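One structure is given here, and the rest of the page talks about it.
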Amino acid sequence: MATRDLWRLCADWLIRCEILPRDHRVMFPNAEIFDLAQTLRDGVLLCHLLNTLSPGAVDMKDFSQRPQMSQFLCLKNIRTFLQTCKNKFGLRESDLFDSYDLFDVKDFAKVLNTLSKLSKSELALASGIDGFPQDNSSIQVEHDYYNTLEELATGFPPDRLSRVPSPVEDVYRTLEDRACELPDEDIYSAVTTVEEGEQEIYEDLCSLRGRTTRRRKERERDQLEQGFEPKTKREHCLKELIETEKNYVEALQMIKTFFIHPLKNIIPSPNHELIFKHIEGLGNIHTAFQSDLHQAVRRSSAQALGDCFIKYKPQLLLYGDFCSNLPQAQERIDDLCRKNEIIRVAVEECQRKANEGKFRLRDLLSVPVQRVLKYHLLLKELIKQTDKKSPDRTFLEKALEAMQDLSLYVNEVKRDNEQLQLIQEIQDSIVDLQMPEKTSLKDYGRLLKDGELKIKSHEDNRLKTRYIFLFDKVMLMCKSRGETYSYKNALVLAQHRVEEGVPAGRPRSEKWGHVFLLSENKNSVAYNFYAKTEEMKMKWVDAIKMALDNTNPANAREKGHDFIMTTFEEPQTCSECKKLLRGVFYQGYNCHRCKQSVHKECIQKASKRECHISNGPAPELPPRPIDRSSTVYNHRSASVSSAHSRGLPAKPSLGIKVKAVASYTGTPAPPTNKGQALKFEQGDVIDLISNDNVQWWEGRLHGKEGFFLKSYVEEYRRPFQRGPSYLHHDVRPPSPLHNDENQSPIGSPLQRSPRPASSASQKHPYINLANLEGYPWYVGEMSRESAMVKLEHHPSSTYLIRESINPARRGDYALSVKYDNNVKHIRVMRTQEGSFYLADCRFFRSIPELVDYYQKNSLAYSFPELDTVLSIPYNESVRQNAVFHPAPRETPALGYAVASFDYAATATNQISLTKGDRIKIVSKQGEDRGWWKGELRGKIGYFPCAYVDEEEDAADGNSASSPR
C-alpha cells in the first residue's frame, strides 16, 4: 500500500484505541504529518498504547509519564516501548524503528511501519481493535515523504504563531525547526495516569461517593443522633470533611488489621518495617485529628476548626518522609512477591480478606498521600461557602494557608524523589563516570536540561557531537553510545560565563549554526556550543543562566550574609516567610554565619537586614566579576597598565589599529625572546606597536602590552567599537590549538558560582515607567520571545522598547527591532553616571533621547548588520496595519489568580511571581502536584497554585477544582 495518508490511518487507529481523543488536532482538516509525529515523540502515549492493547504490558513505574524537556527520559520511554513490542507482542527486530527515528523524526516511515505491525499483532488484535491499514496489502511507504520530517523536529507545540502552516506550503518542506520541546500535557487527556489510578482507590475508600449505601445510611443515622444534620452547602462541606477523615482513619486501620499484623511473621523484619513505615504513626495522628475535627464541628466553632489544622501541621510533616519512602516500599513489595511464593500467596490472601482482592497492597499504600493533598481543597470549598463578611473566614483562611503550605511541601517531596531517581539513572547510564569520593551527581543540584549539541573548544578546532547534562552546578559532556553514555568532560559552571553570538562564516540559517559560548572566567578556555535553531540556543542559554542564578542568586551576600544553596536533612521553615522549604534536596538557602534558612524568593528580604552575628556594617566585599551575560565582555574597567605598574614608559604605537577576529588566550605562547602574550577577545581593537615579524606582532590593549599571532587580527576600518549591549555578536572560531578529549575532573559540589556584578540599572533607580507609558514605542515588561512574536509580522524597521523579565536582567531595558526578516535585540546599557547607551560611542540622558537619535541616525554606525533607523514605533504599526498584522493566537484562560506571595522560578519552565501579580490561568493539569500553568508578562510557565488566590468570579465561571 503506497499512500501518503498512512499517517492518517495510524491516527485513526490511535483514536480507536482511545489513546488520542476524537477531537485531537491530528483529525483537523489542515492537520499535517508532524502533528502526529510530535504527539508521539516523548514515548508516553506509546507506552499507554501497549497497556491498552494488553493491560499490564508496561509497568507504569518503568516509564516517565511527564518527561517535560528531558531527551534522556523521552528516549527511555521510546526504548521501553520498543523492548515491550519485541518481548511481549512478538515483533521482530527488523520490524522496529530506532529510538532516534522518532525522537529526532529522522525516519517517521519506520515508525508508521512499526505501529502498523503492532496493530496487526496477535495480542493487539485480541483486544478487538482492527489494525491499519485494514486490508492485507503490503505497506510500501514513500520514505522521502516522511524522512523530511527531521528538518521540523525542533519545536513543540506545533501551533506556535511563528509556525502556522500555509495551505500552499510544500508538503516536502523540512520539519527540523519544530521539535525542541515536548508536547503540552493536554495531549495525555485520553489516557489514565498513575495519579488517576491512585485517585480512584482513594475515592473508593475515603470519599462519600465511594461508600456503600448501607454505610451511608448508618452515618446519616449517627448524625441525627449526634445532632448534626447538614442542610446548607456549607454544612455539607463540613460533613464531607468529617466523613472523609473518618473513612481515612478506617482505611489506615484496615491496612494495620489486614496487612501489618498478619504479615509480620511472614515478611522479614527489615522489609516489613520498610513497607509499612509510618502507617501506624499516621493512624495514631489522624485518630486524634479526626476526634478534634469532630468536636470543633459539633461546637460550630470555626476558630477551633482552623486551630485544629494549624495544631496538627507539624505532626503532618511526617508525610514528607512517608512520600520519600513510598516508591521504595512499593518496589520492595513487588520484588518480594516476585521472588518468594510464600509471601506472594500471603499478600494475595490479605488483599482478598481486606477488600475482596479489589486493590493491591502496593496501591493501598498510596492512599495517605492522596489524603494529605485533599485538605486544602476541602478548606477552599468550605471558605467558598462561608459568607465573605463572616469572622469565620479569617480562621479558615489561616488553616487553608497552613494546608496549602503542607500540600506544596509534600508535592515537592514527590517531585524531588522523581528527580533523584532520574539523576541516579543518568549516573548509572554514564558507564565510565568516576565521581569524587562520597559524591554523586545529586550533589550538583537538579537536572535543568539535557540533549545533544555540537561543541568546539577554542583549544581544538574539531567539531564534536556531545550529549549534555546540565545541572545547577555542573555541565557534563558525554558521547552517546546507544542506551549508555561515555563521559568526556565536565565544566564547573562557577568558573564560566555564558555569552551569545554567531560565528563568522557560519550563516544563521545553516543547520547547527546557532551558537553560544561558555568561557572560563580566567579567559583560559572557551567552548562554542552549536544548536539547531535560535530557539534551541536560547533555551540552553536561559537554562545555564538559571543554573547560575540558582547557585548564587542576587543579594545572597548583602549585609554580611552568605546564603548558599543547601540540602536540609530535616524539614525546615523559612526564617523570612515562615513557610516550609520545599522538597528533599537543595530545598533552600542557608547563611552559614547567622544560620538563617530561606527560600530563593526570600533572600532579597532577608538581606535587607544586617547578618546578626556580623560586627557592625558588613565588610566591603571584593569586586564582583563583570557581568558577562551579554554578548561582549568590555575590559575597559578591568585592566591596569602592566608597563605603568612597573614604572616603565609606554612604548610608542605605529598609529595603526587592528581588530581581533578571534579570541587569543595566550596559547600558543609567544617565543621566549618576545615577551608576554597580549590576551584579547574577538572584537577588541588593538593599537599596533610593532608589525615587523612575519608571525608575531606586538600591540597594546587597555594599557597592557604584549605579543600575539597576526592571524588573529585584521585591519580596523571603522571608527567606533561595538558596545557591550549588542546581542548578536560575531565570533570567529580560533585556529586549532589543543585537543579537549582529556577528561577533566568534576569540581567540588560546594563551589559557589561568582555572582555577576549588578547591572547599571541596578545601581541607579529605574526610570519612572509612567514617564514612558505615553510613547508609542514603549510596551512595558515583555520577554525576548514575546517581542519576537509581536514584531515578526510587522514591516522592517518596526521597533519597541521593553523592560526585560529575564531573571538575570529583570528591570533592564532592551530595544527590539525588525530588520531583514529577523528580529534583533539590543540591550540598553547605563553608565555609572546614569546615562543610557547602545554602543559606547554615544550617550544619552534619557531613553526618549536615545530613541530620537536613532530615529534619525542608522544603527549601522555601531552595528553594521543593522543598517536601519528606528522608523515605525510598534504601537503605531499595530494601529496602521490592523489588517496586515494577524491577531496573536490567544491562549484560552481558565480564569485569573492573584499572587499572595513572592515566588522565584528555579527552572526555565516556571514563572516567577511577585505578590500582587495577576496571572492568567491556562491549565490546571498539574494541580495534583501543586502546580498550575499560567501566563504572566508574556511568558507561559508553571507556578505553585498554593501561592495564588484564584479570583472567585473566574473560578465560578470555569468550574474550578473542588475536592474530589
Side-chain angles (χ1 to χ4, degrees), residues 47-48 50-51 54-65 73 76-77 79-81 83-84 86-88 192-195 197-198 200-201 251-252 254-282 319-355 357-370 413-429 440-442 483-484 584:
C47 291
H48 280 296
L50 297 182
N51 281 341
S54 178
V58 181
D59 194 319
M60 300 285 266
K61 65 180 175 61
D62 288 340
F63 70 96
S64 173
Q65 298 183 65
L73 289 177
K76 175 188 173 183
N77 288 349
R79 289 165 182 154
T80 298
F81 166 79
Q83 194 68 29
T84 307
K86 179 180 177 181
N87 297 340
K88 182 84 173 177
T192 301
T193 64
V194 170
E195 288 83 1
E198 294 173 348
E200 291 177 4
I201 299 171
L252 292 175
M254 179 264 289
I255 295 175
K256 179 179 178 181
T257 301
F258 290 98
F259 293 95
I260 295 180
H261 293 167
L263 295 174
K264 189 169 185 179
N265 296 324
I266 297 175
I267 297 178
S269 180
N271 291 324
H272 188 275
E273 291 176 5
L274 172 68
I275 292 169
F276 298 108
K277 187 177 182 181
H278 297 316
I279 291 292
E280 292 186 278
L282 290 175
Y319 278 98
D321 194 55
F322 178 85
C323 289
S324 296
N325 181 72
L326 181 59
Q328 190 178 359
Q330 292 175 320
E331 187 175 338
R332 188 65 55 86
I333 293 169
D334 292 341
D335 188 58
L336 289 172
C337 290
R338 184 170 55 252
K339 295 179 178 179
N340 191 308
E341 181 69 13
I342 295 176
I343 293 177
R344 182 186 65 79
V345 172
V347 169
E348 290 178 353
E349 177 64 15
C350 290
Q351 291 171 172
R352 186 189 64 79
K353 291 180 179 179
N355 53 66
K358 188 174 182 179
F359 302 122
R360 296 180 299 169
L361 172 58
R362 75 180 317 277
D363 298 327
L364 291 171
L365 291 178
S366 68
V367 172
V369 180
Q370 291 293 314
V413 167
K414 292 170 61 179
R415 196 162 72 109
D416 272 2
N417 279 299
E418 292 173 359
Q419 175 80 185
L420 289 172
Q421 181 181 350
L422 168 61
I423 292 173
Q424 186 60 52
E425 290 178 7
I426 291 172
Q427 183 168 335
D428 293 342
S429 71
S440 66
L441 279 184
K442 67 178 176 60
E483 297 185 17
T484 61
V584 293

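These figures come from a predicted structure and were not determined experimentally.
To the nearest 0.5 angstrom, Lys277 atom NZ is 11.5 Å from Leu282 atom CG. Rounding to the nearest 0.5 Å gives a distance of 9.0 Å between CG of Asn340 and CD1 of Ile267. For the atom pair CG of Leu73 and CG of Leu422, the computed distance is 4.5 Å after rounding to the nearest 0.5 Å. Distance check, rounded to the nearest 0.5 Å: CD1 of Ile279 to CD1 of Ile255 gives 4.5 Å. Taken to the nearest 0.5 Å, the CD1 atom of Ile260 stands 11.0 Å off from the CE atom of Met254. The distance from atom CD of Gln83 to atom NZ of Lys86, rounded to the nearest 0.5 Å, is 6.0 Å.
For the residue pair His261 and Thr257, the shortest heavy atom distance occurs at CB-O, 4.4 Å. Scanning both residues, Ile423 and Leu441, for their nearest heavy atoms gives CG2-CB, 3.5 Å. Scanning all heavy atoms of the two residues, the minimum distance from Pro327 to Cys323 falls at CD-O, 3.2 Å. Shortest non-hydrogen contact noted between Val413 and Gly320 is CG1-O, 3.3 Å. Shortest non-hydrogen contact noted between Leu365 and Ala329 is CD1-CB, 4.5 Å.
Annotation: side chain of Cys350 is in contact with side chain of Leu263 (closest heavy-atom distance under 4.5 Å). Asn355 places a side-chain heavy atom less than 4.5 Å from the side chain of Leu364. Under the 4.5 Å side-chain criterion, counting only non-hydrogen atoms from C-beta, Gln351 is in contact with Val347. Residues Leu336 and Ile275 have side chains in contact (heavy-atom distance under 4.5 Å, counting atoms from C-beta outward). Taking 4.5 Å as the limit, some side-chain heavy atom of Gln330 sits within range of a side-chain heavy atom of Ser366. For the pair Pro268 and Ile343, the minimum side-chain heavy-atom distance is below 4.5 Å. Contact of the Asn51 side chain with the Met60 side chain is registered, since non-hydrogen atoms from C-beta on lie closer than 4.5 Å.
By the salt bridge (Lys or Arg N to Asp or Glu O under 4.0 Å) test, Arg79 is found to be paired with no residue, residues two or more places apart in sequence or in another chain being considered. Not counting sequence neighbours, the partners of Phe63 by the ring-ring contact (aromatic ring centres under 6.0 Å, His included) test are His48. Remark: Tyr319 engages His286 in a ring-ring contact (aromatic ring centres under 6.0 Å, His included) (not counting sequence neighbours). With sequence neighbours excluded, no residue forms a salt bridge (Lys or Arg N to Asp or Glu O under 4.0 Å) with Arg332. Phe276 is linked by a ring-ring contact (aromatic ring centres under 6.0 Å, His included) to His272, counting only residues two or more places apart in sequence or in another chain.
Between the side chain of Ser54 and the main chain of Leu50, no donor-acceptor pair closer than 3.5 Å is present.
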Applying side-chain hydrogen bond (donor to acceptor under 3.5 Å, both in side chains), run through His278 and Asn325 and close with a yes or a no. CA-CA 9 Å; His278 297 316; Asn325 181 72; over 6 Å; no

What do the steps show when you test Gln424 against Leu420 for side-chain contact (heavy atoms from CB on, under 4.5 Å), and what is the final call? CA-CA 6 Å; Gln424 186 60 52; Leu420 289 172; over 6 Å; no

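Contact check on Asp334 versus Arg338 returns no salt bridge, with no Lys/Arg side-chain nitrogen under 4.0 Å from an Asp/Glu carboxylate oxygen. For the pair Lys414 and Glu418, the salt-bridge criterion is not met [side-chain N within less than 4.0 Å of a carboxylate O].
Environment of CD in Glu331: sparse, with no more than 12 heavy atoms of neighbouring residues, nucleotides or ligands closer than 6.0 Å.
Of the N and O atoms on the side chains of Asn417 and Ser324, at least one donor lies less than 3.5 Å from an acceptor on the other residue.
Among pairs with a residue in residues 255-270, those fulfilling salt bridge (charged side-chain N to carboxylate O under 4.0 Å, His left out) read Lys256-Glu280, at least two apart in sequence or across chains.
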